[in-house]
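Below: one structure, written as structure tokens.
Small disclaimer: the values here were computed from a predicted structure and weren't measured. Every number for a ligand or one of its atoms is a count from 1 in the order of the listing.
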Amino acid sequence: MHNNTRKPHILIIYTGGTIGMIENPETHSLQPFDFTHLIDNVPKIKMLDYIIENIQFNPPIDSSDMNPEHWKEIARNIEDNFDRFDGFVVLHGTDTMAYTASALSFMLENLHKPVIITGSQLPIGEVRTDGEENLITALQIAAATGINGEPMVQEVAILFENYLWRGNRSTKMSADNFNAFKSNNYPSLAKIGLDIHFNEEVLWRVQAKRPLKVQYEMDPAVMFIVLNPGMTENVLRHQLSVPGIKGIVLKTFGAGNAPTHPWFTDAIHEAVERGIVIVNVTQCVNGGVDTKRYMSGNRLAATGIISGHDITSEAAITKMMYLFGLGLSTTDVRRYFECSLCGEVTL
Ligand code: ASP
């Protein structure tokens with residue numbers, strides 16, 4: 001990390017999540033609370049000697065309530081303040097953090113500053129909270145620069161406990177472990193121990209630095225279909241004919257395999273013929289789609305569905321929302337799934 005004499009300017013965007021929650025005295029369940037409460041619990045923040053401003057969602061939300069309108073609000077806050085700040089820290093619930101991180105990675109085109117998303121498993125007011133450490137480390141990462149003075153991280157990333165992960169490669173792996181996130185098909189961007197050790201070779205860099213451009217339209221006409229042994233033709237056809245659906249992420253078995261019954265492949269093929277873009281993504285947390293490995297995968301590929309390779313479900317569904325949001329044709333959406341837009345897939 002390089003030491004600069006100018007104080008880093010960091011914007012915190014507080015959306016909600018466990019990190020800022022308190023217990024409801026009647027129901028004893030956790031609910032979002034305001035930013036002043038959160039920041040009052042982290043007096044150490046002053047030791048950082050940064051210029052920190054904040055914006056909070058009104059009201060702050062549990063991330064299960066996140067939707068594309070909230071992603072737009074986060075993106076709008078980043079765009080409006082992009083030139084004034086060196087980096088951005090988004091405080092967010094863990095449940096849908098990987099979806100928000102993936103969505104923002106597509107929406108914030110030409111991003112070349114850090115957008116570090118973090119949260120916690122225990123509320124900041126609890127004695128054993130992980131929130132304080134996560135917030136402080138996220139701020140330090142958002143302020144970190146390389147020897148050329150450029151931001152060390154120039155992408156959307158998730159900081160959680162001991163690791164920094166690429167946002168659009170991440171998945172929530174645990175509902176109660178402090179190391180709650182992982183990117184199963186991509187190395188960590190940094191390891192957090194006594195120091196923050198960046199893995200510089202795997203950090204994202206834009207080819208040519210262009211002004212930030214935000215793509216606000218995210219088309220919600222997409223859905224998951226998750227295969228299970230015993231799925232009937234009726235259930236599959238019913239899901240494939242949801243009115244208005246433009247894209248489907250089909251969550252298949254193993255290396256992208258699915259039943260070989262003709263009724264199954266016929267139903268998928270007919271949906272593709274009707275113009276629905278179907279992307280094959282494995283249900284496994286690690287590894288990707290390789291439809292050449294088994295006959296069952298081969299048959300599925302012959303229906304005209306496209307391979308998601310090693311993309312996460314979260315990145316696949318938000319990439320579809322983004323591509324359809326751009327107003328692209330079916331052919332172009334299919335084509336862009338064969339490209340890595342911002343490091344979301346290994347091809
Ligand atoms: N339900 C919470 C949320 O996602 C969980 C958390 O923050 O860990 O907002």
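Side chains of V156 and L111 form a contact here, defined as non-hydrogen atoms less than 4.5 Å apart.
A donor-acceptor pair is defined here as one N or O able to donate and one able to accept, closer than 3.5 Å; such a pair exists between the side chain of D62 and the backbone of S64.
Side-chain contact check for N134 and S120: no donor-acceptor pair (N or O, by modelled atom type) lies under 3.5 Å.
Across D266, L250, T265, a single residue satisfies side chain to side chain contact (heavy atoms under 4.5 Å, CB included) together with T303, and that is T265.
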Pairs under 3.5 angstrom, nitrogen or oxygen on both sides, ligand 1 versus protein: list them out, please.
residue  : atom  : partner : partner atom : Å
ligand 1 : 1 (N) : D62     : OD1          : 3.1
ligand 1 : 1 (N) : D62     : OD2          : 3.0
ligand 1 : 1 (N) : D95     : OD2          : 2.8
ligand 1 : 4 (O) : S63     : OG           : 2.5
ligand 1 : 4 (O) : T94     : N            : 3.3
ligand 1 : 4 (O) : D95     : N            : 3.0
ligand 1 : 4 (O) : D95     : OD2          : 3.3
ligand 1 : 7 (O) : T18     : N            : 2.9
ligand 1 : 7 (O) : T18     : OG1          : 2.9
ligand 1 : 7 (O) : T94     : N            : 3.0
ligand 1 : 8 (O) : T18     : OG1          : 3.0
ligand 1 : 8 (O) : T94     : OG1          : 2.4
ligand 1 : 8 (O) : S120    : O            : 3.3
ligand 1 : 9 (O) : D62     : OD1          : 3.3
ligand 1 : 9 (O) : S63     : N            : 2.7

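Ion pairing of E155 with R169 is absent here, as no side-chain N (NZ or NE/NH1/NH2) approaches a carboxylate O to less than 4.0 Å.
Using the six-membered ring where Trp is involved, F35 and Y14 have ring planes that are tilted, between 30° and 60° apart.
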